[in-house]
Number of protein chains: 2
Amino acid sequence: MSWRKEQSRAERGYHHGNLKEALLQAALGLIAEKGAAGFTFADAARMAGVSAAAPYRHFRDRDELLSSIAQRGFEQFEQRLTAAWDDGRPDTVTAFERVGKAYLAFAREEPAFYNAMFESGLPVDANPALQAASERAFNIIRAAAERLAALAPLGTPRPPAMMMALHIWSMAHGVASLFSRGDAARRKLPMSPDELLEAEVLIYLRGLGFPTDRRPPGKGAEPPPVPPEASSGSGVPPGGPWGKPK
Amino acid sequence: MSWRKEQSRAERGYHHGNLKEALLQAALGLIAEKGAAGFTFADAARMAGVSAAAPYRHFRDRDELLSSIAQRGFEQFEQRLTAAWDDGRPDTVTAFERVGKAYLAFAREEPAFYNAMFESGLPVDANPALQAASERAFNIIRAAAERLAALAPLGTPRPPAMMMALHIWSMAHGVASLFSRGDAARRKLPMSPDELLEAEVLIYLRGLGFPTDRRPPGKGAEPPPVPPEASSGSGVPPGGPWGKPK
DNA sequence: CAGCTCATGTGAACGACTTTTACATGAGCC
DNA sequence: GGCTCATGTAAAAGTCGTTCACATGAGCTG
């Protein structure tokens with residue numbers, strides 16, 4: 001990982017040998033500490049033990065370094081969402097919620113990537129490769145939404161799958177961005193971001209007619225369960241994610 | 001508005017007379033253009049026609065200027081949310097949705113404020129006045145959620161009002177931050193952010209047991225103003241926000 | 001009105017950062 | 001062994017943020 005970092009010039013020799021990677025790693029650390037805005041090209045160079053001009057052999061400018069990090073971030077993000085989705089196993093709703101949690105986990109565990117991807121202010125649409133990576137990640141959510149849409153109970157008006165995907169994305173991003181970052185604008189919450197998002201998604205899914213958890217006591221006409229899977233427990237803790245209504 | 005801006009030193013005299021305000025306005029413009037990260041203290045000074053050192057007579061440093069703008073932003077934000085909420089008239093659900101739209105409208109129409117408030121990375125909890133302003137704004141959403149919670153149909157499990165408020169906030173912020181900014185990371189959408197958020201909130205409310213479908217065309221009983229409302233209304237466009245399910 | 005004072009603005013200076021340019025080094029290939 | 005080109009360096013120009021000593025003049029005091 002930290003191959004050859006922190007070495008003095010003498011023992012390193014004139015050529016670094018791995019500067020591009022070292023710069024990316026250094027930048028990642030710096031962004032995690034001080035945010036994308038506070039991160040400095042010169043600092044990254046210093047951390048890698050080279051002069052301030054050296055990075056320009058590997059990145060056109062500071063923005064390109066940031067872009068590279070964002071891109072790498074989208075790729076890892078995609079992987080984690082894919083793993084969480086696990087092709088909808090064991091059932092669509094459970095898997096869907098797991099994707100939400102993976103989203104938050106990524107924001108929490110990879111603040112530097114998340115920052116570069118969503119909060120650095122760099123124009124996603126200016127770099128085709130970056131935009132493509134971003135879309136590949138979003139497509140995981142979208143594919144999950146398609147599956148979910150196909151299962152939605154008839155008789156309930158429902159939005160296009162694309163819209164559902166955007167809804168989920170906005171919820172996850174909203175929670176992550178407002179509450180799930182140790183980073184800067186930390187606000188105190190009476191609950192964990194995970195709980196918050198889980199409840200939000202559950203209510204949303206219920207609004208789409210999905211059976212979430214035990215049925216309301218008196219209500220006879222709960223929307224009919226969905227063909228093959230649908231029936232079982234969706235990973236909701238007993239009592240629901242927010243306890244009993246008082 | 002642009003009182004005395006752009007004037008040459010000669011016609012202005014040694015003293016500006018209104019520098020603090022001029023700097024705030026200049027900064028607002030610059031942030032709207034280039035984002036909080038790209039905004040420069042020196043640029044604001046230049047725009048106000050004073051030397052680079054002059055701003056330090058009015059703000060401890062660049063961050064304090066940013067803070068002032070964020071604070072002012074939260075105050076305007078609070079006003080707009082209050083107006084949109086209108087104490088829950090004509091009925092709670094309609095007013096609630098109006099608040100959501102006001103949120104997006106603010107993000108769209110006041111990008112500089114929104115940026116300073118939510119995307120500049122300045123620590124809200126470091127400045128008590130700022131934090132208080134932020135909380136006052138959030139309290140509008142929270143109060144609306146309380147009212148909504150009181151109306152929620154019995155028989156449906158429901159979260160605490162505080163949680164509902166956070167849910168709404170995260171949806172609005174998520175949509176605003178991902179899609180509603182001309183600013184930077186613009187992504188193309190098959191629908192407007194307003195539609196997106198409206199549908200999202202409607203589904204969420206339905207998940208809480210609120211009736212969100214359009215009124216029956218004949219609509220015999222318009223709900224009485226405040227106390228026993230709960231039944232219908234909600235300003236849903238005919239056909240619902242996303243068209244017919246296919 | 002003269003004179004004083006203090007808030008407000010100026011210019012110069014420092015160190016840090018970004019980026020460019022001309023030059024140095026040495027790893028890999030013939 | 002010698003060439004060459006990718007990779008690194010030093011130096012310089014331009015920008016910022018911030019501080020400091022000094023200048024200005026608006027408004028009070030007498």
Side-chain angles (χ1 to χ4, degrees), chain A residues 3-27 29-31 33-69 116 120-122, chain B residues 3-27 29-31 33-69 116 120-123 126:
Chain A
W3 192 74
R4 269 199 187 213
K5 269 200 278 191
E6 316 291 353
Q7 295 195 350
S8 79
R9 167 89 170 285
E11 48 184 321
R12 192 201 73 211
Y14 196 92
H15 289 286
H16 184 289
N18 199 22
L19 186 51
K20 185 161 189 170
E21 192 55 32
L23 287 171
L24 286 167
Q25 292 304 325
L30 289 170
I31 293 174
E33 267 184 68
K34 309 188 291 188
F39 143 75
T40 256
F41 218 26
D43 243 350
R46 206 169 299 128
M47 193 160 302
V50 296
S51 75
Y56 289 85
R57 295 293 175 200
H58 301 277
F59 303 95
R60 198 182 336 83
D61 54 21
R62 185 179 169 285
D63 263 20
E64 196 182 271
L65 209 191
L66 225 52
S67 265
S68 295
I69 289 189
S120 65
L122 59 79
Chain B
W3 190 78
R4 268 196 188 216
K5 269 200 279 192
E6 316 291 353
Q7 295 195 351
S8 80
R9 167 88 171 287
E11 49 182 323
R12 192 201 73 209
Y14 195 92
H15 287 289
H16 184 289
N18 200 22
L19 185 53
K20 185 162 189 170
E21 193 55 34
L23 287 171
L24 285 167
Q25 293 303 324
L30 289 170
I31 294 174
E33 267 185 68
K34 310 186 290 185
F39 143 74
T40 257
F41 218 25
D43 244 349
R46 206 170 298 128
M47 194 160 300
V50 296
S51 75
Y56 289 85
R57 295 293 175 199
H58 300 277
F59 302 95
R60 198 181 336 88
D61 56 21
R62 185 180 171 282
D63 263 19
E64 197 184 87
L65 209 192
L66 224 53
S67 265
S68 295
I69 289 189
S120 65
L122 59 79

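A note on names: the letters A, B, ... follow the listed sequences, proteins ahead of strands, and every chain is numbered from 1. Any value given below was found using the heavy atoms of this structure, including those in side chains, with hydrogens, waters and symmetry copies removed.
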Are any of the side-chain heavy atoms of B:F41 and B:L23 separated by less than 4.5 Å?
-> no
Side chain proximity check, A:V50 to A:L19, heavy atoms < 4.5 angstrom = yes
Could you check how far [atom1] of [X] sits from [atom2] of [N], rounded to whole Å?
X	N	atom1	atom2	result
B:F59	D:dT19	CZ	C1'	18 Å
B:H16	C:dA7	NE2	P	20 Å
B:K20	C:dA7	NZ	C1'	13 Å
B:L66	D:dG17	CG	P	11 Å

What pairs meet the salt bridge (Lys or Arg N to Asp or Glu O under 4.0 Å) rule with one or both residues in residues 13-25 of chain B, with sequence neighbours excluded?
->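 Qualifying pairs, neighbours excluded: B:E21-B:R72.
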Per-nucleotide protein contact string for nucleotides 15-21 of chain C (B base, S sugar-phosphate only, - none; heavy atom under 4.0 Å) | --SSBB-
Give the intermediate values and the outcome of side-chain contact (heavy atoms from CB on, under 4.5 Å) for residues B:L30 and B:T40.
-> CA-CA 8 Å; B:L30 289 170; B:T40 257; 5.9 Å; no
Decide side-chain contact (heavy atoms from CB on, under 4.5 Å) for A:R62 and A:F39; before the verdict, give the C-alpha distance in whole Å, the side-chain angles of both, and the deciding distance to 0.1 Å.
-> CA-CA 9 Å; A:R62 185 179 169 285; A:F39 143 75; 3.7 Å; yes
For B:K34 and B:D43, run side-chain contact (heavy atoms from CB on, under 4.5 Å): C-alpha distance rounded to whole Å, both residues' side-chain angles, the deciding distance at 0.1 Å, then the answer.
-> CA-CA 12 Å; B:K34 310 186 290 185; B:D43 244 349; 3.1 Å; yes
Look at the side-chain N and O atoms of B:H58 and state whether any lies under 4.0 Å from the OP1 or OP2 oxygen of C:dG9.
->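 Answer yes for this pair, as a side-chain N or O of B:H58 is under 4.0 Å from OP1 or OP2.
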